[in-house]
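Everything below concerns the one structure shown next.
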Amino acid sequence: MKAGSVSQLSPVLKQATPVVAVRGEGLHLYDAEGRRYLDFTSGVGVTSTGHCHPRVVEAVREQAGRLIHGQYTTVLHDQLLTLTERLGEVLPTGLDSLFYATAGTEAVEAALRLARHATGRQNVIVFEGSFHGRTMGAASLTTAGTRFRAGIGPLVPGVAVAPFPAAFRLGLSEAEAVEHALRGLDEVLATVSAPAETAAMFVEPVLGEGGYVPAPPGFLTGLRERADRHGILLVVDEVQSGFGRTGRFWAHQYEDSALRPGGFRPDVLITAKGLASGFPLSAIAAPAELMGRAWPGSQGGTYGGNPVACAAALATLDVLREERLVENAAEQGVRLLDGLRTAAAEAPGIADVRGLGLMAASEFCHPDGTPDPDAARHAQQTAAEHGLLLLLCGIHLNVVRMIPALVVTAEQIDEALELWTKAVTAGSR
Ligand SMILES: Cc1ncc(COP(=O)(O)O)c(C=O)c1O
């Protein structure tokens, strides 16, 4: 072999585990030696129907034999049209116009463009701990850690940051945290970003990378009220929390039932990840009238709405409904959170357990209440050694999250809890 002909992966990619996967099935990943891992990461919440669900595999195989690429600003294709129709069954009423991209971050960019076009305003408000992606616009909306922003500036200007009601971190009750956050938002509107210059607020109904913090009841409604009062668009980023993950089809629907059904509606909804069970597909949904205010031809992309990814999304929708996976996420989510609380009772380093459906997390702190990222990492690595794959999150990376596929069974939840308990009780370093 010629000198210099061997390439390697860039060290910019940081691995959470040393596993090299060669195969996946359901909740499991396998390496070349045949070692089996219980995957409670789902590829960061992507493989909603589990790895290689037979229905998804079949749909993808069939589509790949018919049409792999049908570039959507050149021709339309049947899968895109069918998916657009079918998404109408699950999208909030009125959000009837869809634009597709590939990654979540691209959909965030699309929503940002739309918000600025539609309002003629420039500023955007985001919430502390937000994660919206890694492209420059989305990174500018991201406050989940300087690791996503440092050294790449100048970032896109016009972004103001308001508090998120992270009750545990703030040391407040949920109701107090909501009051604090909404008061903070009002101050941002009074001091930093004038309402008349504010195009949109971008919010995650469950803070994802920022630490798995569900927005307590009342927060989204408070945002809705201010958005309506000032003509600001409310963009709900459901990239991680959507498509059944939290036990409702969309996590923001918890706010609906906290008030009155249909009482809360975003202006723009962003979806990706679980949408296509592992194929790169993302979308934004908005009322047609709002979408019509974007400048024609201002959005596009070579791969958006790819036919194979659309076929995977259609199969995902079928599987979610036929296997009642949203209901399963709600049911298994309760089991998971209960079990995590039991485990935490034996592990003094775990200071908080929280989550919604199958977005569940344990936060590690020192006895004085300061974040303990070393303990979180140790627990996550020990779990991986025991065959349970998990990820970290949180602004201090001191939170271990569990995001199993929606097909997870009670037995698999119990197995994961057993491995987790072993990891955190053996975890006293
Ligand atoms: C809430 C949220 N928005 C946007 C993104 C970006 O998505 P992607 O990594 O597909 O670009 C993520 C990814 O984790 C996310 O959790």
Side-chain angles (χ1 to χ4, degrees), residues 12-14 16 41-48 99-115 124-145 147-149 152 156 159 161 164 166 200-215 220 223 234-246 250-252 266 268-285 301 303-306 309 312-313 316 355-361 390-395 397 399 401-403:
V12 299
L13 274 181
K14 236 178 132 220
T41 74
S42 304
V44 202
V46 168
T47 54
S48 46
F99 168 74
Y100 296 91
T102 46
T105 196
E106 276 182 275
V108 168
E109 299 285 341
L112 178 58
R113 278 189 174 80
L114 170 64
V124 171
I125 297 176
V126 297
F127 297 90
E128 284 165 1
S130 56
F131 183 88
H132 296 291
R134 291 177 183 270
T135 49
M136 289 305 259
S140 309
L141 304 181
T142 289
T143 58
R147 61 189 180 282
F148 302 115
R149 307 162 57 94
I152 60 167
V156 174
V159 180
V161 186
F164 187 89
M201 295 185 262
F202 278 61
V203 67
E204 293 160 85
V206 181
L207 218 52
E209 303 303 303
Y212 272 34
V213 190
L220 294 179
L223 301 192
L234 185 51
V235 181
V236 173
D237 181 343
E238 293 252 21
V239 166
Q240 191 158 168
S241 61
F243 249 72
R245 167 130 316 268
T246 65
W250 308 107
H252 77 257
V268 181
L269 183 142
I270 308 175
T271 181
K273 289 193 187 282
L275 162 64
S277 289
F279 281 80
L281 185 67
S282 61
I284 61 171
Y303 298 105
N306 169 272
T316 301
L356 205 53
L358 293 174
M359 279 181 95
L390 303 172
L391 290 172
L392 297 172
C393 65
I395 56 177
L397 283 175
V399 179
R401 56 178 149 165
M402 296 195 175
I403 345 166

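Whatever order the structure lists ligands and atoms in, that order sets their numbers, starting from 1. These numbers come from a predicted model, not from an experiment.
Residue-ligand proximity, E209 to ligand 1, at heavy-atom distances under 4.0 Å covers atoms 14 (O). Of all the atoms in ligand 1, the ones that sit under 4.0 Å from a non-hydrogen atom of D237 are 1 (C), 2 (C), 3 (N), 4 (C). Atoms of ligand 1 lying under 4.0 Å from at least one heavy atom of A103, given by number and element, are 10 (O), 11 (O). Atoms of ligand 1 lying under 4.0 Å from any heavy atom of E204, numbered from 1 in the order shown and given with element: 1 (C).
Other residues, nucleotides and ligands contribute at most 12 non-hydrogen atoms within 6.0 Å of the CZ atom of R134.
Protein heavy atom nearest atom 16 (O) of ligand 1, with residue, atom name and distance: Q240 NE2, 2.8 Å. Here the protein heavy atom with the shortest distance to atom 7 (O) of ligand 1 is G104 CA, 3.3 Å. Regarding atom 11 (O) of ligand 1, its nearest protein heavy-atom neighbour is T105 N, 2.8 Å.
In terms of polar-atom proximity, K273 is counted as a contact of ligand 1, with an N or O under 3.5 Å from an N or O of the ligand. Residue-to-ligand polar distances keep V239 apart from ligand 1: every N/O pair is separated by 3.5 Å or more.
Contact annotation for R134 and ligand 1: no heavy atom of the residue comes within less than 4.0 Å of the ligand. At a heavy-atom distance under 4.0 Å, only backbone atoms of H132 (N, CA, C or O) approach ligand 1.
With rounding to the nearest 0.5 angstrom, the CG atom of L223 is 5.5 Å from the CG atom of L234.
In this structure, the side chains of P205 and L220 come closer than 4.5 Å at one or more pairs of heavy atoms. V236 has its side chain within reach of V203: a pair of non-hydrogen atoms, C-beta onward, lies under 4.5 Å apart.
Within a 4.0 Å radius of atom 3 (N) of ligand 1, the protein has at least one heavy atom.
Contacts of L390 classified as side chain to side chain contact (heavy atoms under 4.5 Å, CB included), with partners at least two apart in sequence or in another chain: F40, Q380, A383, L388, V400, M402, W420.
Between the side chains of T246 and S241, not a single donor N or O lies within less than 3.5 Å of an accepting N or O.
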